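Okay, structure first, notes after.
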Amino acid sequence: MQETFFTSKEASQITGCTLRQIQYWREKGIVVPVISETGTGRSIYYSKSNLVELAAMVYWLSVGISFDIACETLKRLKSQEPELFISGKGKRFMLLLSAQDKSLSLVEFDRDRAIASLDEGKSVIPVWLDVIYQQLKEKTSY
(Lines give C-alpha, C1' and ligand atoms only; values in the text may rest on other atoms or scores of the structure.)
Protein backbone atom coordinates (compact mmCIF):
# COMPACT_ATOMS: atom_id res chain seq x y z
CA MET A 1 0.00 0.00 0.00
CA GLN A 2 1.39 3.36 -1.02
CA GLU A 3 1.52 6.12 1.58
CA THR A 4 -0.08 9.46 0.79
CA PHE A 5 1.84 12.70 1.31
CA PHE A 6 0.60 16.27 1.46
CA THR A 7 2.15 19.59 0.49
CA SER A 8 2.34 22.38 3.05
CA LYS A 9 -0.65 24.05 1.40
CA GLU A 10 -2.73 20.86 1.53
CA ALA A 11 -1.69 20.22 5.14
CA SER A 12 -2.73 23.77 6.01
CA GLN A 13 -6.14 23.39 4.38
CA ILE A 14 -6.81 19.99 5.98
CA THR A 15 -5.68 20.83 9.53
CA GLY A 16 -6.77 24.45 9.74
CA CYS A 17 -3.37 25.91 10.56
CA THR A 18 -1.75 28.68 8.60
CA LEU A 19 1.19 28.23 6.25
CA ARG A 20 3.20 30.45 8.59
CA GLN A 21 2.42 28.19 11.54
CA ILE A 22 3.52 25.14 9.55
CA GLN A 23 6.75 26.89 8.59
CA TYR A 24 7.45 28.04 12.15
CA TRP A 25 6.71 24.62 13.67
CA ARG A 26 8.97 23.00 11.05
CA GLU A 27 11.80 25.45 11.75
CA LYS A 28 11.49 24.87 15.53
CA GLY A 29 11.38 21.07 15.10
CA ILE A 30 7.90 20.75 16.58
CA VAL A 31 6.28 19.10 13.55
CA VAL A 32 8.91 17.87 11.14
CA PRO A 33 7.75 16.83 7.66
CA VAL A 34 8.77 13.36 6.54
CA ILE A 35 10.16 14.55 3.22
CA SER A 36 12.72 17.35 2.90
CA GLU A 37 12.48 18.92 6.35
CA THR A 38 14.96 21.62 5.33
CA GLY A 39 13.40 22.32 1.94
CA THR A 40 11.14 25.14 0.93
CA GLY A 41 7.89 25.44 -0.96
CA ARG A 42 6.97 22.45 -3.07
CA SER A 43 9.81 20.20 -1.90
CA ILE A 44 8.25 19.62 1.54
CA TYR A 45 5.72 16.85 2.13
CA TYR A 46 3.81 15.84 5.24
CA SER A 47 2.61 12.34 6.09
CA LYS A 48 -0.74 11.45 7.59
CA SER A 49 0.90 11.18 11.02
CA ASN A 50 2.28 14.70 10.52
CA LEU A 51 -1.29 15.87 9.85
CA VAL A 52 -2.36 14.42 13.20
CA GLU A 53 0.44 16.36 14.90
CA LEU A 54 -0.54 19.59 13.12
CA ALA A 55 -4.24 19.12 13.89
CA ALA A 56 -3.48 18.39 17.54
CA MET A 57 -1.41 21.58 17.83
CA VAL A 58 -4.19 23.62 16.19
CA TYR A 59 -6.79 22.12 18.52
CA TRP A 60 -4.77 22.72 21.69
CA LEU A 61 -4.01 26.31 20.74
CA SER A 62 -7.69 26.89 19.86
CA VAL A 63 -8.87 25.80 23.32
CA GLY A 64 -6.46 28.16 25.04
CA ILE A 65 -3.49 25.96 25.83
CA SER A 66 -0.29 27.97 25.70
CA PHE A 67 2.13 27.33 22.86
CA ASP A 68 4.77 25.96 25.25
CA ILE A 69 2.35 23.50 26.87
CA ALA A 70 1.02 22.41 23.47
CA CYS A 71 4.59 21.72 22.30
CA GLU A 72 5.41 19.84 25.50
CA THR A 73 2.21 17.79 25.20
CA LEU A 74 3.00 16.81 21.62
CA LYS A 75 6.55 15.90 22.61
CA ARG A 76 5.32 13.75 25.52
CA LEU A 77 2.70 12.02 23.40
CA LYS A 78 5.24 11.19 20.71
CA SER A 79 7.66 9.75 23.28
CA GLN A 80 5.07 7.95 25.47
CA GLU A 81 2.82 6.68 22.67
CA PRO A 82 4.77 6.77 19.38
CA GLU A 83 2.38 4.37 17.66
CA LEU A 84 -0.55 6.75 18.14
CA PHE A 85 0.54 8.97 15.30
CA ILE A 86 1.22 6.07 12.95
CA SER A 87 -1.64 3.67 13.68
CA GLY A 88 -4.56 5.94 12.82
CA LYS A 89 -6.30 4.84 16.01
CA GLY A 90 -7.03 7.54 18.51
CA LYS A 91 -6.95 7.38 22.25
CA ARG A 92 -8.17 9.79 24.86
CA PHE A 93 -5.75 11.46 27.23
CA MET A 94 -5.97 14.35 29.62
CA LEU A 95 -3.53 16.99 30.72
CA LEU A 96 -3.53 17.62 34.42
CA LEU A 97 -2.19 20.99 35.47
CA SER A 98 -1.59 21.40 39.18
CA ALA A 99 -2.02 24.97 40.41
CA GLN A 100 0.07 24.35 43.53
CA ASP A 101 3.32 23.14 42.01
CA LYS A 102 2.58 24.11 38.39
CA SER A 103 3.31 20.56 37.23
CA LEU A 104 1.99 19.06 34.02
CA SER A 105 1.12 15.42 33.61
CA LEU A 106 -0.28 13.57 30.62
CA VAL A 107 -2.35 10.50 31.46
CA GLU A 108 -4.91 8.31 29.77
CA PHE A 109 -8.39 9.78 30.17
CA ASP A 110 -10.40 8.46 33.09
CA ARG A 111 -13.64 10.24 33.95
CA ASP A 112 -13.43 9.54 37.69
CA ARG A 113 -9.83 10.70 37.85
CA ALA A 114 -10.71 13.85 35.89
CA ILE A 115 -13.47 14.71 38.37
CA ALA A 116 -11.20 13.96 41.34
CA SER A 117 -8.47 16.13 39.83
CA LEU A 118 -10.91 19.01 39.39
CA ASP A 119 -11.97 18.58 43.01
CA GLU A 120 -8.27 18.86 43.99
CA GLY A 121 -7.94 22.16 42.14
CA LYS A 122 -6.13 20.81 39.09
CA SER A 123 -7.03 21.95 35.61
CA VAL A 124 -8.05 19.09 33.33
CA ILE A 125 -7.67 19.54 29.59
CA PRO A 126 -8.90 16.80 27.24
CA VAL A 127 -6.49 15.48 24.62
CA TRP A 128 -8.83 13.35 22.55
CA LEU A 129 -6.91 12.09 19.58
CA ASP A 130 -9.85 9.97 18.45
CA VAL A 131 -11.78 13.18 17.73
CA ILE A 132 -8.82 14.60 15.81
CA TYR A 133 -8.51 11.38 13.77
CA GLN A 134 -12.22 11.48 12.95
CA GLN A 135 -12.00 15.09 11.76
CA LEU A 136 -9.00 14.26 9.56
CA LYS A 137 -10.77 11.19 8.20
CA GLU A 138 -13.67 13.38 7.09
CA LYS A 139 -11.27 15.68 5.21
CA THR A 140 -8.95 13.04 3.70
CA SER A 141 -8.91 9.36 2.96
CA TYR A 142 -7.07 8.81 6.26
Side-chain angles (χ1 to χ4, degrees), residues 1 3-41 43-142:
M1 187 169 166
E3 186 168 357
T4 305
F5 297 99
F6 304 88
T7 65
S8 296
K9 186 174 182 179
E10 291 169 329
S12 170
Q13 292 169 341
I14 292 167
T15 62
C17 61
T18 67
L19 286 170
R20 180 64 186 115
Q21 284 175 312
I22 289 178
Q23 178 187 5
Y24 182 75
W25 296 342
R26 181 181 72 241
E27 290 170 356
K28 295 296 181 187
I30 298 163
V31 179
V32 180
V34 294
I35 298 176
S36 193
E37 66 186 63
T38 58
T40 58
S43 63
I44 297 172
Y45 292 94
Y46 291 86
S47 67
K48 290 179 180 180
S49 61
N50 289 143
L51 293 184
V52 175
E53 295 173 31
L54 290 169
M57 286 292 292
V58 169
Y59 168 72
W60 295 325
L61 294 172
S62 74
V63 296
I65 295 177
S66 74
F67 178 74
D68 291 336
I69 291 175
C71 292
E72 180 63 27
T73 302
L74 183 61
K75 181 179 171 184
R76 285 186 187 198
L77 271 175
K78 290 191 320 191
S79 68
Q80 284 178 231
E81 304 277 344
E83 291 298 314
L84 279 179
F85 295 95
I86 299 167
S87 69
K89 295 180 180 148
K91 278 175 107 174
R92 291 185 174 199
F93 293 91
M94 59 186 175
L95 279 173
L96 302 176
L97 301 168
S98 174
Q100 294 87 358
D101 59 5
K102 302 201 189 280
S103 65
L104 170 71
S105 58
L106 178 70
V107 297
E108 199 158 338
F109 182 79
D110 176 276
R111 185 177 185 274
D112 294 333
R113 185 171 180 187
I115 292 168
S117 295
L118 288 169
D119 287 343
E120 295 169 5
K122 295 180 181 177
S123 297
V124 177
I125 301 166
V127 180
W128 293 3
L129 292 179
D130 59 335
V131 173
I132 292 171
Y133 278 114
Q134 184 60 38
Q135 291 170 346
L136 288 176
K137 192 174 188 177
E138 292 170 4
K139 295 178 182 179
T140 68
S141 59
Y142 198 91

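No experiment lies behind these values; they were computed from the predicted model shown.
Residues R26 and P33 form a side-chain contact, since some pair of their non-hydrogen atoms from C-beta on lies under 4.5 Å apart. In this structure the side chain of V31 reaches within 4.5 angstrom of the side chain of L74, judged on heavy atoms.
The 12-atom threshold is not exceeded at CZ of R111, counting heavy atoms of other residues, nucleotides or ligands nearer than 6.0 Å. The environment of CZ in R113 is sparse: at most 12 heavy-atom neighbours from other residues, nucleotides or ligands sit within 6.0 Å.
Looking only at distances, no side-chain donor or acceptor of D119 sits under 3.5 Å from a matching main-chain atom of A116. At least one donor-acceptor pair under 3.5 Å links the side chain of S12 to the backbone N or O of C17.
Closest approach of T7 to E10, counting heavy atoms only: N-OE1, 2.9 Å. The two residues E53 and I30 come nearest to each other via the heavy atoms OE1-O, 4.0 Å. Among all heavy-atom pairs drawn from A70 and M57, the shortest one is O-SD, 3.7 Å.
Screening V107, V127, I125 for a side-chain contact (heavy atoms from CB on, under 4.5 Å) involving F93 leaves a single residue, V127.
The side chain to side chain contact (heavy atoms under 4.5 Å, CB included) check on A114 picks up M94, F109, V124, with sequence neighbours excluded. Checked against ring-ring contact (aromatic ring centres under 6.0 Å, His included), Y24 has the following partners two or more places apart in sequence or in another chain: F67.
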